[in-house]
Number of protein chains: 2
Amino acid sequence: MKKRTRPPILLIHGGCGSTPPTASQLKTIEAALDRGETLLQKGTSALDAVEAAVVVLEKSGRFNAGKGSKRQMDGIARMDASVMNGRDLSAGAVAAMEGILTPVRAARLVMERTPHLLLVGQSAERLSRLFHLPPLPPSLAAPKPPPHDLSFGKWEPLFRKLQGKRDDEAAELGTVGAVARDKEGNVAAATSTGGIRMMLPGRVGDSPLIGAGTYADNLAGAVSMTGLGEAIIRAGLAKEITLAMEGGDSPEAAGSSALIRMRRRIGGEAGAIILSAEGDFALLHTTDSMPGGYRAGRRRKTAGRFQKVMED
Amino acid sequence: MKKRTRPPILLIHGGCGSTPPTASQLKTIEAALDRGETLLQKGTSALDAVEAAVVVLEKSGRFNAGKGSKRQMDGIARMDASVMNGRDLSAGAVAAMEGILTPVRAARLVMERTPHLLLVGQSAERLSRLFHLPPLPPSLAAPKPPPHDLSFGKWEPLFRKLQGKRDDEAAELGTVGAVARDKEGNVAAATSTGGIRMMLPGRVGDSPLIGAGTYADNLAGAVSMTGLGEAIIRAGLAKEITLAMEGGDSPEAAGSSALIRMRRRIGGEAGAIILSAEGDFALLHTTDSMPGGYRAGRRRKTAGRFQKVMED
């Protein structure tokens with residue numbers, strides 16, 4: 001098929017881990033796919049579609065993003081998100097942001113309303129409020145009593161306890177992401193997450209980092225990651241997968257070899273939704289499950305797991 | 001020469017831009033090269049050497065990093081830094097951190113004393129103080145009256161003014177970085193920066209982002225970037241250059257093609273210090289100047305410019 005005659009494509013993930021998703025999580029993924037697919041069929045850009053799909057997931061409260069965000073060790077929920085447009089490589093991101101229901105829209109604001117790419121902390125929240133993004137419900141925005149004593153001098157034993165700890169549970173909690181290819185053949189990617197348990201305040205993972213958790217380039221394809229953030233950053237996974245596709249690898253080949261390479265060299269489980277510039281795609285994970293789905297014309301699926309990547 | 005018989009190598013940059021460095025900047029670069037080279041000759045790791053060299057630059061107050069950091073639009077200096085060890089791909093970073101004299105040492109603390117990779121804001125400062133990193137001198141840590149009215153509702157006209165503005169001046173202000181290869185053949189990279197003029201509070205550039213401003217991998221080499229941070233993030237430059245070297249490109253070929261590709265597709269000037277796993281190296285810039293230097297046995301140079309990369 002020629003590039004421009006392919007139907008629009010949308011892929012979504014809702015995190016990866018060892019436990020299967022709930023029925024309500026799968027239903028929410030269906031709703032997000034519906035929302036994005038409807039927009040794409042109307043001729044909306046891939047960028048608008050991935051944002052809209054992620055907003056559905058963020059607002060649902062059923063994933064660890066937006067309304068469902070977990071709290072960091074000081075009892076406050078901080079959120080990270082990023083978005084990238086493969087058409088012109090423009091991108092935006094927020095990290096360690098409090099109090100906003102739809103962080104992916106905050107990332108888009110940074111991209112379009114500032115000369116910057118990444119805003120962190122209060123500044124990201126301030127920008128979001130200036131542009132009237134909806135706040136988190138007050139009960140969620142208010143800090144809970146921290147489960148750990150973080151007063152000065154009490155951190156060191158906590159650090160020792162945490163040091164070397166594998167944040168395997170990161171995978172359990174449902175980072176969300178979407179990649180799409182629109183009728184014009186443009187690709188885009190978006191990723192959004194809350195925190196992980198036993199996470200120090202201000203910890204930032206791969207989701208808001210372009211090249212780590214998110215990448216999109218019309219010459220290659222689009223990628224959104226989920227899994228152990230620190231490992232994904234160290235591996236530069238989204239960029240590595242995108243460059244491999246630019247070199248001619250299929251989404252499946254590019255993603256499998258990057259996930260296995262990361263696990264061998266660094267350790268750490270992850271999942272990826274990967275879409276090539278030509279419209280081929282793969283949903284891969286080294287974990288047992290990765291709730292997600294795709295819509296690509298008559299090819300349509302929503303499930304708790306897709307293609308589990310194994311060592312040779 | 002066989003890999004392990006090569007002398008240790010250290011490269012440093014002090015930012016890139018259109019104006020030549022001052023004599024005192026070049027003298028500081030000499031001092032940083034001396035410090036790192038002495039350590040490497042004693043058998044210290046590449047990681048320790050790049051950290052020590054960057055600390056000299058941060059403490060000097062002559063570059064836009066550590067003591068010399070510029071203030072963001074709200075009158076407060078916030079600093080970013082990262083460090084990566086090519087031996088095991090371990091890495092640490094801080095962003096939007098206030099009040100600490102040696103941000104690169106804070107990045108190393110995140111790497112070694114927490115299970116995380118990137119800490120932003122107050123948490124990064126708190127960790128640094130817990131481990132007794134020296135604070136900025138009080139006169140520098142105190143906020144200055146902001147040069148712009150950032151009260152709520154006044155941001156929008158500022159955003160409009162900033163929107164689309166090219167932060168070309170980012171290149172003028174002297175981000176610093178170092179890459180090294182030790183006697184064992186391990187490579188490492190470190191980058192540290194303050195702010196840029198007309199920068200919103202909480203803006204984070206490429207320097208603390210692994211894969212954007214900093215990367216190191218014993219299988220490929222080590223890279224530290226300087227220049228327009230937003231473009232460098234969008235291009236994923238440090239990771240792209242490292243992967244090209246892993247594929248067999250020389251530092252010069254890998255760096256030149258990545259810098260030119262970024263300028264063509266995204267726009268934006270940058271410089272890079274690049275060291276291959278085998279000990280070949282290049283100091284490249286698309287700007288007129290990039291103060292820096294290298295020490296590699298009898299090959300030794302400190303200068304205001306190195307190899308200017310041009311379009312074909």
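Below, chain A is the first sequence line, B the second, and so on; all start at residue 1. All values reported here derive from a predicted model rather than from experimental measurement.
- Legend: residues meeting salt bridge (charged side-chain N to carboxylate O under 4.0 Å, His left out) with B/Arg263, ordered by chain and number and at least two apart, are B/Glu269, B/Glu311.
- Under the 3.5 Å distance criterion, the side-chain polar atoms of B/Asn85 are left unmatched by any main-chain donor or acceptor of B/Ala188.
- Heavy-atom pairs under 4.5 Å with chain B peak, among A/Val110, A/Leu89, A/Ile233, at A/Leu89.
- In this structure, the side-chain hydrogen bond (donor to acceptor under 3.5 Å, both in side chains) partners of A/Ser224, at least two apart in sequence or on a different chain, are A/His13, A/Thr191.
- Neither the backbone nor the side chain of A/Glu125 comes within contact range of chain B; no heavy atoms are under 4.5 Å apart.
- Contacts between A/Ala231 and chain B at a heavy-atom distance below 4.5 Å are absent for every atom of the residue.
- Counting heavy atoms from C-beta outward, A/Glu230 and B/Leu118 have side chains that stay 4.5 Å or more apart.
- If you tally non-hydrogen atom pairs under 4.5 Å between each of A/Ala91, A/Ala238, A/Ser90 and chain B, the highest count goes to A/Ser90.
- One N or O on the side chain of B/Lys239 and one on the backbone of A/Ala235 form a donor-acceptor pair closer than 3.5 Å.
- For chain B, the option among A/Val94, A/Asp206, A/Thr242, A/Leu219 with the highest count of heavy-atom pairs below 4.5 Å is A/Leu219.
- For a residue to count as touching a neighbouring chain, one of its non-hydrogen atoms must lie under 4.5 Å from one of that chain's; by this rule A/Leu209 touches chain B with the side chain only.
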